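The structure appears below as structure tokens.
A quick note: this is a predicted structure, and the numbers were derived from the prediction, not measured.
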Amino acid sequence: MSLPNLAPIRELYVSYDSAQKLKHEAGDLPSWDLSPRQICDLELLMTGGFYPLKGFLTEADYDGVVDGMRTASGALWPIPVTLDVSEKFAAGIEPGQDIALRDQEGVILAILSVTDKWVPDKVREAERVFGANDLAHPGVNYLHHVAGPVYLGGPVTGIQPPVHYDFKARRDTPNELRAYFRKLGWRKVVAFQTRNPLHRAHQELTFRAAREAQANLLIHPVVGMTKPGDVDHFTRVRCYEAVLDKYPASTTTMSLLNLAMRMAGPREALWHGLIRRNHGCTHFIVGRDHAGPGKNSHGRDFYGPYEAQELFKTHEAEIGIEMLDFKHMVYVQEKAQYFPSNEVPDGGTVLDISGTELRRRLREGLEIPDWFSFPEVVAELRRTSPPRSKQGFTVFFTGLSGSGKSTIANALMVKLMEMGGRPVTLLDGDVVRKHLSSELGFSKEHRDINIRRIGYVASEITKNGGIAICAPIAPYAATRRAVREMVEASGAFIEVHVATSVEECERRDRKGLYKLAREGKIKEFTGISDPYEVPENPELRVETENAEVDNCAHQVILKLEQMGLIRA
Ligand code: PPS
């Protein structure tokens, strides 16, 4: 392989003066507020990280990339980098027009000269790019549920890079890294891509790779978007910083890459290789299950464990970066050392801790052995993921009016406060309607807004380590699911169906509302003239007929204990 070309790579930025002028003129242009993923893509387009792309893919480029991993001009490019927008926005845009691309605060980052506008066939995109139209794949899920329905393509004129307030000194453009390698005389550089904290197995892998290639090492973690559920990048970067001094400073450096991963396995490995070549690297590590998305909806892997290595091999020369392929690294107890799984000495006892097992140990506050990771890394992870009994959670009661939700919720609150340790907030239906949703009525639309507000507040409480107890009617399953998703991003969600029948609620009629509903004096009354979708799989269902309130609240306590959220 020839020595690296460390000359500057083409960026898409214009000069400072032109940028000022464009910014001024862009006031009159239609504006698109970029999504977090589009900001990541735009940054790498503008810095040359996505060289040779000059903008968001045109329709012809897109077709070529989706079908055969090549742009219309024949360049190897495995992942569609497209600007997806809403139908409403697209309706006002025609090819030939310029649009201003803005960050979420409205700062203009670039101009897109639109040459193409089209409605993609997302099923085809999913099947070709990700190998299956299966929503269990995070990339497919994003494509169908987050990305807009219309794509715009065309060249990008860069005005300014997206602003980052975190780890500024650790972020480098391709040209900054190229200049750094040039300055230090690094002729050969191995890049290590990662979206996980570095444990001992990774360190051994990177040492071996650098030794094998007789090269310097670039630890190049992704801090843009990774797989949902991954350790957040703030924690990871603190972990990387903690292990960096275990590498010889004169041979190793670390830089953060603001890439939005797609988890596309083999195709993604090629993409990562192209991006690292653009950053001035000569070698690239591809391990087991590179950029793997996890299991499909049938519980099977989307890609073979070494499929990424195979695909990379066939395109290695064209990418212009040499692959260092590695088998899964495992610890051999007798040798007190890591080995690739195919080089384990005969009779050696192999130890390994999977990602799932590591998360379980963190969640339950269990031991993480020294052979697996570094004490500094484990301490950092424990700081971010305290055991479940110290994390926040949300108990979400749902049931008809008068079913007993508020009474049980109150009893639960008092019991949890008696235990102490975490602040408890009760978001009761009536109270929320007074303080958060006073302008709302009981149409489906208004009920959904009401429940989403409760969900938002509950997720914030959960994120900050508190206990939120919610007690609205919440009659619609889809809205309850949306709240669950919001909360589960930061902690546990326990749905409790208070399963009092409508007949019993009406018999009790504590507030006299059922009578008014029967008389038609209250419209859209849940259970009488409005639907209630019974939860299919709540964490708990409590019957209130012939049961004491205290006992109902106690059932919730037992459930929380069983889930490890409170200690007996
Ligand atoms: S929802 O659907 O979840 O937004 O409803 P929620 O905010 O929990 O409702 C709170 C209380 O409003 C009273 N109320 C009605 N309920 C249902 N349907 C109609 N049309 C209605 N109008 C007023 C009712 O007393 C609810 O209190 P709870 O605590 O559930 O008895």
Side-chain angles (χ1 to χ4, degrees), residues 186 188-222 226-227 230-231 236-237 239-249 251-257 261 265-266 268-270 272-273 275-276 279 281-292 303-310 312-313 316 321-333 335-345 348 350-358 368-378 381:
W186 288 13
K188 289 203 247 169
V189 181
V190 180
F192 178 59
Q193 136 84 31
T194 182
R195 44 170 263 267
N196 285 311
L198 280 183
H199 301 299
R200 290 193 196 271
H202 304 108
Q203 194 195 35
E204 179 60 28
L205 180 100
T206 52
F207 276 160
R208 280 177 183 251
R211 240 187 350 251
E212 197 174 295
Q214 296 191 5
N216 291 90
L217 180 64
L218 170 69
I219 300 174
H220 209 196
V222 171
T226 63
K227 196 173 145 196
D230 279 349
V231 177
R236 281 191 291 118
V237 176
C239 288
Y240 302 136
E241 287 182 333
V243 292
L244 207 55
D245 63 5
K246 304 192 188 307
Y247 286 89
T251 62
T252 303
T253 190
M254 176 177 81
S255 177
L256 307 179
L257 179 67
M261 290 180 70
E268 180 127 354
L270 256 51
H272 289 176
I275 295 166
R276 272 39 182 242
H279 283 77
C281 302
T282 52
H283 294 72
F284 183 59
I285 299 174
V286 182
R288 180 178 178 272
D289 196 24
H290 191 99
Y303 317 114
Y306 298 106
E307 215 178 305
Q309 295 179 352
E310 286 152 25
F312 204 108
K313 197 82 218 156
E316 192 179 33
I321 195 164
E322 206 170 306
M323 172 174 69
L324 296 167
D325 52 338
F326 276 90
K327 291 273 185 273
H328 184 49
M329 301 291 291
V330 291
Y331 185 74
V332 178
Q333 198 173 20
K335 301 272 177 193
Q337 206 187 319
Y338 277 88
F339 289 90
S341 56
N342 59 337
E343 291 175 27
V344 173
V350 167
L351 301 181
D352 195 14
I353 293 181
S354 68
T356 314
E357 172 62 10
L358 176 65
I368 295 164
D370 206 45
W371 61 261
F372 177 77
S373 194
F374 306 95
E376 299 89 334
V377 172
V378 173
L381 292 177

Sidechain-backbone polar pair: Q309 side chain, V286 backbone, donor-acceptor under 3.5 Å | yes
Is it true that a side-chain atom of R200 and a backbone atom of D370 form a donor plus acceptor pair closer than 3.5 Å?
-> yes
Pick one: which of V378, I368, L358 meets side-chain contact (heavy atoms from CB on, under 4.5 Å) with H199?
-> L358
Are the side chain of R195 and the backbone of A291 linked by a donor-acceptor contact shorter than 3.5 Å?
-> no
Mind checking whether L218 and F192 have side chains closer than 4.5 Å, heavy atoms only?
-> no
Please round to the nearest 0.5 Å and tell me the distance separating atom NE2 of H283 and atom CG of L324.
-> 5.5 Å
Backbone N/O of T252 and side chain of N216: donor-acceptor pair under 3.5 Å | no
Lys/Arg N to Asp/Glu carboxylate O, K313 vs E310, below 4.0 Å = no
To the nearest 0.5 Å, tell me how far L381 CG sits from S373 OG.
-> 7.0 Å
Looking at OG1 of T194 and CG of D230, how far apart are the two atoms once the value is rounded to the nearest 0.5 Å?
-> 9.0 Å
Do the non-hydrogen side-chain atoms of V222 and Q193 ever get within less than 4.5 Å of each other?
-> yes
In chain order, what residues pass the side-chain hydrogen bond (donor to acceptor under 3.5 Å, both in side chains) check against R208, with sequence neighbours excluded?
-> E204
Might you confirm whether atom NZ of K246 has over 12 heavy atoms from other residues, nucleotides or ligands at distances under 6.0 Å?
-> yes
According to the interplanar angle, ranging from 0 to 90°, do the rings of F284 and H272 count as parallel (below 30°), tilted (30 to 60°) or perpendicular (above 60°)?
-> perpendicular
Checking E316 side chain against M323 main chain: does a donor-acceptor pair fall under 3.5 Å?
-> yes
Sorted by chain and number, sequence neighbours left out, side-chain hydrogen bond (donor to acceptor under 3.5 Å, both in side chains) with T253 holds for none
Report the distance from atom CG of N342 to atom NE2 of H328, rounding to the nearest 0.5 Å.
-> 11.5 Å
For N196 and H202, test the side chains for any donor-to-acceptor distance below 3.5 angstrom and give the result as yes or no.
-> no
For Y306, side-chain hydrogen bond (donor to acceptor under 3.5 Å, both in side chains) partners two or more places apart | none
Give me the ring orientation class for W371 and Y338: parallel if the planes are under 30° apart, tilted from 30 to 60°, perpendicular past 60°.
-> tilted
